[in-house]
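In this text the structure is predicted, and so the values were computed from the model without any measurement.
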Amino acid sequence: MFKTFNALFGVLFVLCAALQWNDPDLYLWIPLYLLAALSCVLAYVQVNAIRFNQVFIGVYLAYAAYLFVAQDGVWSCMFEHQFDSLTQSMMASAPWIENTREFGGLFIMAVVCAINLWVQRQTPKLETELDEQVANS
């Protein structure tokens, strides 16, 4: 079940990264999605990447928090624009729609990394080379 979960989300995150080619801030979003995909790959092959997941959960949640309170962020979408349809078209006609969609993507990436972190903490293993390299740097 855990391998299926990571295979599914790994492919989904790679596809999301590929869809960012037409985005004005593709240099931000392609790496964010690919790093979430890497979390899934590492979990799939059973590499214990606890620190990796901790770091990127922090990155995703910090950016999501920023988008939540930004001038045209999720807060604005909720209270000033009464949640204009987020699915009306893939061309975001308003910045609060784009920021709310991006918030959702960040939240999904953080949740997947958190699930991977939780499962890896439940299954004690010897530290892998990845964790040793991170710890020694």
Side-chain angles (χ1 to χ4, degrees):
M1 176 89 154
F2 186 60
K3 282 194 166 200
T4 304
F5 169 84
N6 279 292
L8 177 69
F9 275 99
V11 169
L12 178 67
F13 290 144
V14 168
L15 289 173
C16 288
L19 291 173
Q20 299 305 309
W21 283 108
N22 66 346
D23 202 307
D25 50 359
L26 69 122
Y27 296 108
L28 173 65
W29 285 97
I30 289 175
L32 288 174
Y33 278 115
L34 290 179
L35 288 165
L38 180 59
S39 172
C40 293
V41 169
L42 292 172
Y44 185 87
V45 297
Q46 298 177 334
V47 171
N48 193 347
I50 289 174
R51 287 182 187 92
F52 177 88
N53 284 312
Q54 288 172 333
V55 167
F56 286 101
I57 291 168
V59 168
Y60 297 140
L61 291 179
Y63 191 28
Y66 166 75
L67 289 177
F68 190 84
V69 298
Q71 180 178 359
D72 286 323
V74 178
W75 188 265
S76 172
C77 185
M78 287 190 308
F79 293 106
E80 295 173 24
H81 305 286
Q82 292 69 43
F83 274 119
D84 286 347
S85 178
L86 298 176
T87 59
Q88 62 188 345
S89 102
M90 289 314 292
M91 296 297 293
S93 56
W96 56 88
I97 292 173
E98 181 70 11
N99 287 338
T100 303
R101 289 176 182 168
E102 289 176 351
F103 173 86
L106 290 164
F107 185 76
I108 291 167
M109 289 184 279
V111 167
V112 169
C113 288
I115 290 169
N116 288 337
L117 175 64
W118 184 77
V119 169
Q120 290 169 352
R121 284 187 167 171
Q122 301 305 310
T123 53
K125 294 182 179 184
L126 295 175
E127 290 229 68
T128 62
E129 290 180 21
L130 178 65
D131 280 335
E132 289 172 355
Q133 289 175 352
V134 170
N136 293 330
S137 45

Cluster link Val55 to Trp118, ILVMFWY, side chain under 4.5 Å:
yes
Is there a path of hydrophobic side-chain contacts, each under 4.5 Å between heavy atoms of I, L, V, M, F, W or Y residues, that connects Val14 with Met109?
no
Shared ILVMFWY cluster between Leu35 and Val112, side chains joined below 4.5 angstrom?
yes
Does Leu32 share a hydrophobic cluster with Leu34, counting links as ILVMFWY side-chain heavy atoms below 4.5 Å and allowing steps through other members?
no
Please walk me through it: do Phe5 and Asn116 pass side chain to side chain contact (heavy atoms under 4.5 Å, CB included)?
CA-CA 10 Å; Phe5 169 84; Asn116 288 337; 4.1 Å; yes
Could you tell me which non-hydrogen atom of Ala64 sits nearest to which non-hydrogen atom of Leu106, and how far apart they are?
N-CD1, 3.7 Å
Do the ring planes of Tyr66 and Tyr63 sit parallel (below 30°), tilted (30 to 60°) or perpendicular (above 60°)?
parallel
Looking at residues at least two apart in the chain, or sitting in another chain, which of them share a ring-ring contact (aromatic ring centres under 6.0 Å, His included) with Tyr33?
Trp29
Find out whether Phe9 and Ile115 are in side-chain contact, i.e. whether some heavy atom of one side chain is under 4.5 Å from a heavy atom of the other.
no
I'd like to know if the side chain of Gln120 reaches the main chain of Val47, judged simply by a donor and an acceptor atom lying under 3.5 Å from each other, with no hydrogens or angles considered.
yes
Same cluster (ILVMFWY, side-chain, under 4.5 Å), Leu8 and Leu19
no
Atom CD in Gln20, atom CG in Leu28: separation rounded to 0.5 Å?
9.0 Å
Taking all atoms of both residues into account, what is the closest heavy-atom pair of Ser39 and Asn53, and its distance?
OG-OD1, 2.5 Å
In short, Lys3 meets Tyr44 closest at the heavy-atom pair CE-O, 3.2 Å
Pair Leu38-Leu42, side chain to side chain contact (heavy atoms under 4.5 Å, CB included): steps then yes or no
CA-CA 6 Å; Leu38 180 59; Leu42 292 172; 4.1 Å; yes
Residues which pass ring-ring contact (aromatic ring centres under 6.0 Å, His included) with Tyr60, listed by chain and number, not counting sequence neighbours
none
CG (Leu117) and CD1 (Ile50) are apart, to the nearest 0.5 Å, by 6.5 Å
Please work out which of the three classes, parallel, tilted or perpendicular, describes the rings of Phe52 and Phe56, given edges at 30° and 60°.
tilted
So how far is it from Ile108 CD1 to Phe13 CZ, rounded to the nearest 0.5 Å?
7.0 Å
Taking all non-hydrogen atoms of both residues, which atom of Ala43 and which atom of Asn6 are closest, and how far apart?
CB-ND2, 3.5 Å
If you apply the rule side chain to side chain contact (heavy atoms under 4.5 Å, CB included), what do you find for Trp21 with Leu26, and how did you get there?
CA-CA 6 Å; Trp21 283 108; Leu26 69 122; 3.8 Å; yes
